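Here's the structure, in structure tokens; my notes come after.
Computed from a predicted model, the values in this text were never measured in an experiment. Numbering of residues begins at 1 and proceeds along the displayed sequence.
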Amino acid sequence: MILFPSYQNFEFDFETIPLVFTYMDSAVASQASYSMQSLSTNEPVVSVDWLHANLQEPNVKVLDASMYMPDEHKNPLQEYQVAHIPGAQFFDIDGISDRTTDLPHMLPSEEAFAVAVSALGIENKDNIVVYDGKGIFSAARVWWMFKVFGHDRIWVLDGGLPKWLASGFNVESTNDALKVSFASDAVEKVYQGHVGPITFQTKFHPHLVWTREQVQKNMEERTHQHVDARSKARFDGIAPEPRKGIRSGHIEGSKCLPFPQMLDASQNLLPPDELKKRFAHEGISLESPVVLSCGTGVTACILSLGLHRLGKYEVPVYDGSWTEWVVKNSDS
């Protein structure tokens with residue numbers, strides 16, 4: 001709130017008046033930049049300052065989508081219980097997934113996603129902000145999942161929980177994991193034929209999800225540039241995959257652009273000019289179609305964030321990614 005002095009016994013200093021109104025204009029502009037109206041679905045991220053300013057808005061819902069690689073040996077649910085952004089719900093990427101496959105955290109059915117999101121108390125009118133404990137990592141996957149199922153009003157928190165904490169903003173703790181298990185249990189019941197209450201309506205966009213067959217076809221027809229978000233060492237087959245039994249290497253014809261190339265040292269999404277340089281350096285044309293993959297369909301979504309910032313909004317992700325490619329090709 002801007003406080004104005006009383007006019008009684010007030011002597012105007014015409015030299016300072018412009019300074020007063022400059023401050024007023026700056027404050028108003030700052031408030032406008034953090035307003036709900038400032039949100040644009042053309043931009044894939046929001047700042048911690050924006051979220052802090054709008055955290056109490058009834059139609060802003062926050063999701064903690066933290067997950068870690070198998071070799072990191074960390075428990076994201078326990079971390080959520082110890083400290084999370086006030087009001088945030090935990091989105092269990094492994095729990096809200098396809099139960100008909102052994103592949104990790106594959107996209108669930110449309111009905112299962114609707115039931116799980118409904119169990120988390122999210123409605124179609126909501127503006128969703130999703131974050132994770134690494135900065136920008138698994139939150140991008142959940143951003144993509146909502147896009148796949150027709151909900152565009154979702155943003156990743158730029159810099160994630162680390163930046164929120166570094167900014168001095170409060171967190172809260174909880175011992176209640178009921179909603180987490182409720183959402184995951186609701187998904188399991190859908191696959192058993194029992195559909196729970198649905199308050200979130202989905203609209204599936206199949207063009208955003210590619211199958212192994214589509215990737216195989218693209219190897220022959222080359223309609224899309226295939227970009228892999230894994231490290232160069234894994235891509236080249238030098239470093240091992242984090243999952244046991246999966247050899248490293250890459251899909252024929254694909255190019256490597258490791259997902260950290262999308263981020264700065266503080267785990268913020270790079271500005272457009274820098275993103276363009278990263279894609280250009282790897283020989284990836286922004287004028288031609290792109291399909292993305294990684295190890296299991298998570299970090300590919302970080303590349304999707306970068307492309308979204310550059311105006312490429314309809315970029316498919318190969319959901320099974322390298323893990324499915326290796327498993328299915330070894331079976332055939």
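No more than 12 heavy atoms of other residues, nucleotides or ligands lie within 6.0 Å of CD in E252, so this atom counts as exposed by the packing criterion. A 6.0 Å sphere centred on CD of Q192 holds more than 12 heavy atoms belonging to other residues, nucleotides or ligands. Heavy atoms from other residues, nucleotides or ligands lying under 6.0 Å from CG of N170 number 12 at most. Annotation: N42, atom CG; neighbour count of heavy atoms from other residues, nucleotides and ligands within 6.0 Å is above 12.
A salt bridge between K134 and E72 is present, with a side-chain N of the basic residue lying under 4.0 Å from a carboxylate O of the acidic one. With respect to the salt-bridge test (charged N to carboxylate O, under 4.0 angstrom), the residues E123 and K61 do not qualify. The residues R247 and E241 are annotated as not salt-bridged, no charged nitrogen and carboxylate oxygen being separated by less than 4.0 angstrom.
M69 and I238 fall into different hydrophobic clusters, defined by Ile, Leu, Val, Met, Phe, Trp and Tyr side-chain heavy atoms under 4.5 Å apart, directly or through other members. M262 and F235 end up in different hydrophobic clusters when Ile, Leu, Val, Met, Phe, Trp and Tyr side chains are linked at under 4.5 Å. A chain of hydrophobic side-chain contacts below 4.5 Å, direct or via other Ile, Leu, Val, Met, Phe, Trp or Tyr residues, connects L39 to V62.
Counting only residues at least two apart or in different chains, side-chain hydrogen bond (donor to acceptor under 3.5 Å, both in side chains) contacts with residues 141-152 comprise R141-D319.
Remark: R222 pairs with no residue by the salt bridge (charged side-chain N to carboxylate O under 4.0 Å, His left out) rule, at least two apart or across chains. Scored by the salt bridge (charged side-chain N to carboxylate O under 4.0 Å, His left out) test, D158 finds no partners at all (sequence neighbours excluded).
The minimum heavy-atom distance between G133 and S66, with the atom names listed, is N-OG, 2.8 Å. Nearest heavy atom pair, residue G121 against residue D126, reads O-OD2, 4.0 Å.
Taking 4.5 Å as the limit, every side-chain heavy atom of I136 sits out of range of all side-chain heavy atoms of F259.
Y318 and E324 are linked by a side-chain donor-acceptor pair at a separation below 3.5 angstrom, with hydrogens and angles left out of the test.
Between F200 and F149, the distance from one ring center to the other does not fall under 6.0 angstrom. Aromatic ring centres of H250 and W325 lie farther apart than the 6.0 Å criterion allows.
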> Between F113 and F146, is a ring-ring contact (aromatic ring centres under 6.0 Å, His included) present by the stated rule, with each step listed?
Replying inline: CA-CA 9 Å; F113 185 81; F146 273 91; 5.0 Å; yes

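D49 places no side-chain N or O within 3.5 Å of a backbone atom of H52 that could act as its donor or acceptor partner.
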